[in-house]
Amino acid sequence: MTQTLQSTPAADGFRMPGEFEPHDGTWMVWPERPDNWRLGAKPAQEAYAAVAAAIAVSEPVTMAVSRRQFEHARNVLGPGVRVVEMTTDDAWVRDTGPTFVIDGTGARRGVDWHFNAWGGLEGGLYPEWHDDDLVARKILEIEGADRYRAPIVLEGGSIHVDGEGTCLTTEECLLNHNRNPSLAREQIETQLRDHLGVAKVLWLGLGTYEDETDGHVDNIACFVRPGVVALHWTDDESDPQHAISADALRRLEGMTDARGRALEVHRLPMPGPLYMTDEEARGVDAAEGSAARAAGARLAGSYANFLIANTRLVVPQFDLPTDAEALSILGGLFPERDVVGVPGREILLGGGNVHCITQQLPRA
Ligand code: KQY
């Protein structure tokens, strides 16, 4: 049985490694709720299966699936994917799963943050989230990893680390009154230091325009490696994304990381702008308390929402000319990995992308 520890990862000598450090595998959760995924989640399931297959070439994948969908998912997913039964509210393991931390002696533990469906009853995306709040604990049981129950609301997509003491995040999300209204910036920083083992927190302002997570950092910027950041960017000054990305660039260029390095920033093109079609909106079953899906809504598409797996990068694609440009830039930034595109639109329609639906299990 795994234990719930009363100390903190930092006090015990643990840190969250960079995503580019070696993994033992990646976790995902199978989509099925019809008030978030159109057409009973069938197109999304195909997209998730493609992401799982792309990652499975590089490392073992575990898919958590409800009892109802178990046989179907088992049939659809390849032999490289382990399927386990789990009750969840939706399928965003980046946010509901544990943040794994490791030490220098070969031990691995997990941080189980409080989860409130991206804002609870003040702008959250669905009205009940108890099963999602249990996902991290269940994964830690399966992985045999001891657990820290962090005393704050936080989603894994709202933080990136360089593994060398630096955390990157956004004010829009972590300082949002619908997450931890009683905590000031300094108190949030203390929690990040304690639970991620970092020494310095770098704050961006807003996340990607119209991102329903309240601006998760993983949809606008990420570490390529220590000292190097990829940033979602558009040159179109008339697009609302331009001012947001320009502010992020200005901040990043004025910052140093925990080791005192200036950051090198690489721009990734913005796909689109992209909008939900009438047909796509009509495919979602409306439900009271769940985020509404409307035709014409701007979608927060971003090539920064990729997963760094052991031997490959898995990058969302949108059937646009910018797809090839993004893959080419990322190929240059990650010369030691295959850079592989997967269909990203169906995942985007649900509110996130490849990074949001995956959670790496770092090698201890
Ligand atoms: O982007 C993420 N990390 C999660 C998106 C959740 C959207 C729920 N509809």
Side-chain angles (χ1 to χ4, degrees), residues 19 26-38 41 43-45 47-48 51 64 88-99 113-129 131-133 135-136 153-160 168-170 172-174 176 178-179 204 206-222 232 271 274 276 280-281 283-294 297-307 314-316 344-360:
E19 196 170 306
T26 288
W27 276 82
M28 299 178 67
V29 176
W30 190 243
E32 68 173 282
R33 63 182 294 158
D35 59 347
N36 192 55
W37 303 104
R38 72 188 185 109
Q45 289 175 357
Y48 272 57
V51 171
T88 66
D89 292 299
D90 202 4
W92 305 97
V93 73
R94 174 66 53 190
D95 296 341
T96 60
T99 298
W113 311 95
H114 286 261
F115 177 77
N116 74 353
W118 307 276
L121 300 179
E122 272 185 77
L125 301 178
Y126 38 78
E128 288 171 22
W129 51 83
D131 286 325
D132 267 356
D133 195 28
V135 167
V153 172
L154 185 139
E155 305 97 38
S158 69
I159 48 163
H160 266 307
L168 185 63
T169 190
T170 64
E172 180 184 357
C173 186
L174 263 64
N176 200 304
N178 64 11
R179 300 307 207 279
L204 302 182
L206 300 177
T208 289
Y209 181 62
E210 294 289 7
D211 185 331
E212 66 186 26
T213 64
D214 299 316
H216 275 188
V217 73
D218 72 347
N219 208 31
I220 187 165
C222 64
H232 178 58
L274 301 171
M276 188 171 288
E280 288 166 343
V284 179
D285 295 355
E288 193 172 349
S290 294
R293 300 294 181 211
R298 172 89 177 240
L299 301 169
S302 165
Y303 296 109
N305 207 308
F306 57 82
L307 176 75
V314 182
V315 185
R345 181 152 183 116
E346 292 296 336
I347 311 172
L348 177 60
L349 292 173
N353 231 301
V354 174
H355 195 257
C356 311
I357 66 168
T358 53
Q359 182 66 251
Q360 69 278 1

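Both ligands and their constituent atoms are indexed starting at 1 by order of listing. In this chain, numbering begins with 1 at the start of the sequence shown.
For Ser158, there are no side chain to side chain donor-acceptor pair (under 3.5 Å) partners, not counting sequence neighbours. Every side chain to side chain contact (heavy atoms under 4.5 Å, CB included) that Ala287 has, sequence neighbours left out, goes to Asp35, Ser290. By the salt bridge (charged side-chain N to carboxylate O under 4.0 Å, His left out) test, Arg179 is found to be paired with Glu155, Asp214, residues two or more places apart in sequence or in another chain being considered.
Geometrically, Arg298 does not engage Tyr209 in a cation-pi contact defined by less than 6.0 Å to the ring centre and at most 45° from the axis.
Between Phe115 and Trp92, the gap from one ring centroid to the other reaches at least 6.0 Å.
For ligand 1, the protein residues placed under 4.0 Å by at least one non-hydrogen atom are Asn36, Trp92, Asp95, Trp118, Leu125, Glu212, Thr213, His216, Arg293, Gly350, Gly351, Gly352, Cys356.
Just one residue in the list Asp89, Thr88, Asp132, Asp133 forms a side chain to side chain contact (heavy atoms under 4.5 Å, CB included) with Thr96, and that residue is Asp132.
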